[in-house]
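Order of the sequence lines sets the chain letters (A, B, ...), proteins ahead of strands, with each chain counted from 1. Keep in mind the model is a prediction, meaning the values are calculated, not measured.
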Amino acid sequence: MTSAASAIADAPARSINVQAAVDKFNALTNAHIASYLDACVHCGQCAQACHFHEVTRDPRRVPAMKLAPITKVYRRHKAPFAGLRRTLGLAPELSRKDLEEWEELIFDSCTMCGRCTVVCPMAIDIASVVALSRQAFVAAGLGPPDLLQAADNARDRGSPLGVTREVLKDRVEWLADEHETEIRLDKPKADVLLLISSIELMKYPRSVVAMAKLLNHAGVDWTLSSRGYESTNFGFLAGKPDVARTLIARITEAAEALGARTVIVPECGHAFGVLRWSGANILGRPLPYEVRHITEFLAQHKRDGRLRFKPIDTSMTYHDPCQISRRGGATADARYLLDGVASDFREMTPTGNYNWCCGGGGGVQALGRAAEVRHEVFRIKMRQVSETGAAMMVSACSNCRLTMDESKAALGWDGELESLVELLAVHLDDTASSAPRPAR
Amino acid sequence: MTAMEFIEGPVWYAASAIFVLGIAWRIAAIFMIGRARDLSVSRRSPIVGAAKAVLLHSVPHGGNLGRTVYHFVTGYLFHIGLFALLLFAAPHVAFINAGIVALPWPAMPHWAFIIAAEAAFAGLILLYVRRLTDPVTRQLSDVDDHVGVWLTFVAMLTGCLALQEAHAGLRMLHMLSVEALMIYFPFSRLTHAFTFLLARVNTGAALGRRGFTP
Amino acid sequence: MVLLAPYAMAQSPPPFPAESYSGPNTAQGGQSSPEMWRDIRRGKSGTVVFPRPEGGVLIQSAGETWRLRHDTTVAYGGGLLLAVLGVAGSYLLVRGRIPIKGGRTGRVIPRFSLVQRIVHWFAAVLFVLLAVTGLLLLFGRYLLPPIIGQHAFALAASASIEAHNLFGPLFIPAVVALCVTFVRGNGYRGVDFTWLLKGGGFFGGHASSLKYNFGEKSWFWWSVVMGLVLSASGMALLLPSVIGDRSVVQLANLAHAIAALLFIAFAIGHIYLGTIGMEGALEGMTRGTVDENWAKEHHDLWWAEHKTSATADIRRAEVAAAERGDRAVWEAQR
Ligand code: SF4
Ligand code: SF4
């Protein structure tokens with residue numbers, strides 16, 4: 001038994017509603033998910049791709065294990081021949097013990113990075129199954145308290161890190177003064193609604209300033225809105241669909257009130273992934289705006305000639321946030337932004353769509369008890385970076401950044417970590433005009 | 001009716017019916033669970049993504065060859081060998097031609113049979129031995145995994161034992177073991193032979209529309 | 001045309017002297033004589049129009065000798081196998097299963113890597129298939145017909161020959177892989193002979209040993225040599241037309257049978273000790289780890305080297321074993 005699992009066993013008995021989990025699993029198993037549960041051949045190759053298995057070497061942390069609880073329910077209730085299996089007593093019901101034993105795998109040991117899907121011969125998307133499974137675990141009354149708390153904070157106070165409207169206003173005012181940058185908040189109408197991530201606002205506030213500076217320079221009609229500003233969706237990560245829906249509804253209302261046609265998600269991978277790919281489905285209707293990640297948006301403006309940058313000589317490499325590259329489809333944009341700017345750019349191995357995860361995605365960053373394994377995962381990144389010999393690692397996700405900064409401190413790594421947007425803002429070539437280049 | 005006639009007659013038809021209907025139901029039942037339409041705006045074509053996933057996941061990609069080379073090599077040894085035997089072994093071709101449909105291809109020569117059988121056995125034994133010894137696969141394996149392998153092994157073995165085609169008894173043994181395999185098939189993980197396509201297509205479409213097919 | 005070759009002998013220049021001819025004037029013309037027949041009977045080669053290996057030999061009389069030797073082999077081989085079984089059986093009856101004397105500690109030491117275990121079991125599966133079918137072919141015709149009947153035996157023999165010919169070639173890469181993955185640590189050392197002098201501790205007392213003791217090392221080399229003899233002779237038997245020379249094939253047949261019997265005889269001992277004969281031995285080859293007390297009792301010198309890697313965290317030890325076998329110590333020294 002792993003230490004975390006034994007910690008669970010030692011904890012005082014919790015009230016666990018197994019039936020609620022079974023019902024939730026059943027409700028969430030659609031034809032798409034069922035095809036995965038039917039296809040896994042237990043070959044174990046997915047272990048080769050998962051950073052949690054890579055660093056712990058724990059056979060239980062093979063990604064396919066995370067399919068087990070939902071598969072058990074599926075085989076008893078919804079699968080073809082489930083009735084036959086039940087009659088013959090071949091399909092036991094999910095047990096309380098199963099839920100307890102799997103909690104750590106479903107919450108602490110999956111960042112929903114999607115690397116396992118690449119090696120799986122059946123192409124099973126385990127990340128999406130884990131996201132659903134979390135809902136069932138939470139319905140049963142399980143789930144790591146810190147993650148659940150973050151979701152409740154987001155619902156009750158507007159943000160997982162306690163950024164209420166008032167805090168937002170204060171911080172924005174302070175940042176605008178401090179950095180002499182116009183940060184637009186609550187303009188009545190705007191083409192573009194910019195979201196922030198509370199990680200940025202509280203821990204990396206320069207990032208917000210940088211976005212403001214770049215958008216201003218590019219001549220974008222944008223604003224922040226105190227009606228909907230938090231981009232992260234801990235409701236989704238913590239398996240609380242009602243919270244997830246509330247958070248998306250807030251953003252949508254804010255955008256509708258502004259008449260915004262575009263919503264920009266800042267440097268946060270999961271925030272982008274959830275809003276861009278699940279937002280409409282969670283809300284139950286198509287989003288009345290287009291969702292773009294800040295790197296996509298900036299790349300567009302660089303392409304149009306509205307943004308130019310001064311060259312950077314420091315050798316650098318780029319860490320792909322999973323939800324922006326592999327699972328977001330915006331792999332090329334960050335590289336386009338750095339193209340012609342970073343004079344010494346080096347790719348890691350593997351890179352781009354196949355890059356290793358930082359270890360803190362999927363809400364794992366918020367789990368105190370997962371800190372140690374996160375640090376171990378960071379060793380993979382350290383090795384990747386040192387192999388490139390680059391002096392600086394740049395990324396476009398404040399969650400990755402926070403994860404890596406913590407691990408960096410814990411392990412005493414001396415590499416330099418930077419935010420792409422901040423770096424670009426510092427190297428903005430403001431001598432050039434911001435007028436659009438005539439179309440060619 | 002002799003035992004042989006019984007095994008090649010009613011039992012064979014029953015096994016075939018269970019096999020075909022079972023698999024059809026298995027696939028239909030999955031579709032019948034249904035799913036909601038994806039409301040997000042796609043970036044790329046889901047159809048291209050699906051096609052890509054089907055092809056890509058037939059080979060290691062994304063720099064993972066080194067990590068999965070064992071399964072890649074043994075998996076292909078087994079599967080290619082098995083399908084060559086299934087479709088091109090002389091007795092099979094004769095059996096299909098006589099009873100089911102005239103195949104438009106000739107049977108393979110004896111030496112090719114031997115090579116195919118050797119590849120299939122080597123692949124199957126190597127895969128199974130790994131299943132039993134690797135802590136990861138041992139953790140994942142359940143009864144179905146073992147039963148599936150053993151039934152396949154016995155069916156292949158009895159087939160090769162009957163190769164001289166001199167003894168009706170051996171042929172009967174092969175028929176029986178194949179029928180057992182066919183009856184077990186639709187209820188087991190062996191259906192991955194068909195469902196792999198569903199999983200690959202679903203992932204390819206769902207993630208391909210996001211812009212990258214993993 | 002080839003079919004005509006034997007007849008062609010009659011028309012070719014006389015290979016045998018004709019003077020001593022005294023028989024009737026038959027189709028052989030003046031060339032039939034007791035000497036000629038004697039020579040033919042002894043396998044003397046004549047001249048043929050279309051020379052092929054052995055094309056000039058009318059009667060390959062070494063077959064007689066081969067048959068005799070073959071029967072001897074069967075008799076002695078059967079005796080050998082029975083003897084080995086008897087020894088193992090009586091040891092089990094008299095002294096029982098060799099226990100872990102100190103009991104299990106619950107702490108394990110990684111011993112065999114995943115690669116080694118996969119190679120071992122791949123070879124083992126093939127060995128069993130080949131041994132069973134081979135023994136059936138060798139002894140079956142004497143033992144089985146009275147029991148299961150002529151017909152059933154014919155069926156079993158037909159099945160066996162097919163399986164034996166099919167799995168045989170796979171055994172060749174298996175032997176090579178065994179040799180490569182297990183050769184480390186199997187060289188003989190001085191301590192092995194002390195072990196031998198002490199009777200391996202089988203009759204009381206303690207015999208020191210490294211990772212492999214004298215018996216295990218001998219089993220390794222025995223397997224390699226027998227495996228190679230079986231591989232070479234087996235290929236000759238599988239493809240006689242490539243060899244051409246009948247006497248070589250006869251030799252190969254005898255070598256194959258003798259090597260197989262010697263191999264199987266030792267294997268009975270190996271399998272006995274690896275399973276029912278000794279507590280705690282099998283898991284080294286299944287899970288890759290062995291109990292610390294087992295290591296101490298049977299491979300004390302190896303244990304002394306590796307006791308630092310002993311751990312009660314069995315899952316972790318199994319993972320370490322899968323990846324590195326017992327190389328942890330060795331790697332730590334680098
Ligand atoms: S999605 Fe990532 S973290 Fe989750 S199981 Fe797959 S590889 Fe591991
Ligand atoms: S790689 Fe895919 S098929 Fe193999 S065990 Fe993992 S999830 Fe199952």
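Heavy atoms only, all atoms of each residue included: A/Cys120 and B/His57 are closest at O-ND1, 2.7 Å. Across B/Ala206 and A/His32, no two heavy atoms sit closer than the pair CB-CE1, 3.6 Å. B/Val41 and A/Trp277 get closest at one heavy-atom pair: O-CZ3, 3.4 Å. Nearest heavy-atom pair, A/Ala31 versus B/Phe31, reported as atom, atom and distance to 0.1 Å: CB-O, 4.2 Å. For the residue pair B/Ile30 and A/Asp38, the shortest heavy atom distance occurs at CD1-CG, 3.7 Å. Across all non-hydrogen atoms, the minimal contact from B/Arg67 to A/Trp356 is NH2-CZ2, 3.6 Å.
For the set A/Val62, A/Leu287, A/Thr29, the count of heavy-atom pairs under 4.5 angstrom toward chain B peaks at A/Val62. When B/Ile27, B/Leu198, B/Val143 are compared by the number of non-hydrogen pairs under 4.5 Å with chain A, B/Leu198 comes out ahead. Interface remark: of the candidates A/Asp125, A/Val119, A/Val118, A/Asn30, A/Val118 forms the most heavy-atom pairs closer than 4.5 Å to chain B. Between chain B and the residues A/Gly114, A/Ala34, A/Gly44, A/Pro121, the largest count of heavy-atom pairs under 4.5 Å involves A/Pro121. Chain A forms more heavy-atom pairs under 4.5 Å with one residue of B/Met32, B/Arg44, B/Arg131, B/Arg130 than with any other, namely B/Arg131. For chain A, the option among B/Pro214, B/Gly62, B/Ala28 with the highest count of heavy-atom pairs below 4.5 Å is B/Gly62. Of the listed residues (B/Val136, B/Val201, B/Thr213, B/Asp144), the one with the most heavy-atom contacts under 4.5 Å to chain A is B/Val136.
A side-chain N or O of B/Asn202 and one of A/Ser35 form a donor-acceptor pair less than 3.5 Å apart.
For A/Arg115, the part lying under 4.5 angstrom from a heavy atom of chain B is the side chain only. Looking at A/Leu37, neither its backbone nor its side chain comes within 4.5 Å of chain B, counting heavy atoms on both sides. The contact between A/Ala330 and chain B is made by backbone and side chain atoms together, counting heavy-atom distances below 4.5 Å. Heavy atoms of A/Ala47 lying under 4.5 Å from chain B belong exclusively to its side chain. Neither the backbone nor the side chain of A/Thr331 comes within contact range of chain B; no heavy atom of the residue lies under 4.5 Å from a heavy atom of that chain. Of the two parts of B/Asp38, the backbone and the side chain both hold a non-hydrogen atom closer than 4.5 Å to a non-hydrogen atom of chain A. Residue contact with chain A, scored on non-hydrogen atoms closer than 4.5 Å, involves the backbone and the side chain of B/Arg209 alike. Using a 4.5 Å cut-off between heavy atoms, B/Pro60 does not touch chain A at all.
Atom CZ of A/Arg261 has 12 or fewer neighbouring heavy atoms from other residues, nucleotides or ligands inside a 6.0 Å radius. Taking a 6.0 Å sphere around CZ of B/Arg138, one finds it holds more than 12 heavy atoms contributed by other residues, nucleotides or ligands. Other residues, nucleotides and ligands place no more than 12 heavy atoms under 6.0 Å from the CH2 atom of B/Trp111. Atom CZ of B/Phe95 has more than 12 neighbouring heavy atoms from other residues, nucleotides or ligands inside a 6.0 Å radius. Heavy atoms of other residues, nucleotides or ligands lying less than 6.0 angstrom from NZ of A/Lys72 number more than 12. Other residues, nucleotides and ligands contribute over 12 non-hydrogen atoms within 6.0 Å of the CG atom of B/Leu103.
Of the possible donor and acceptor atoms, one in the side chain of B/Arg43 sits under 3.5 Å from a partner among the backbone N and O of A/Gly328. With hydrogens and angles ignored, the 3.5 Å screen pairs a side-chain donor or acceptor of B/Arg210 with a backbone N or O of A/Arg327. Using modelled atom types, one side-chain atom of B/Thr203 and one backbone atom of A/Ala123 make a donor-acceptor pair closer than 3.5 Å. At distances below 3.5 Å, at least one donor-acceptor pair connects side-chain atoms of B/His71 with backbone N or O atoms of A/Cys43.
Between the CG atom in A/Leu283 and the OG atom in B/Ser40 there is a gap of 12.5 Å [rounded to 0.5 Å]. We find the OG1-CD distance between B/Thr137 and A/Gln45 to be 10.5 Å, quoted to the nearest 0.5 Å. The line from CG of A/Leu88 to CZ of B/Phe187 is 9.5 Å long, rounded to the nearest 0.5 Å. The CD atom of B/Gln139 sits 7.5 Å away from atom CG of A/Asp58, with the distance rounded to the nearest 0.5 Å. To the nearest 0.5 Å, the span separating CZ on A/Phe81 from OG1 on B/Thr191 amounts to 9.0 Å. With rounding to the nearest 0.5 Å, the separation of CG in B/Leu207 from CZ in A/Arg326 is 10.5 Å.
Looking at heavy atoms from C-beta onward, A/His42 lies in side-chain contact with B/Asp142 at the 4.5 angstrom threshold.
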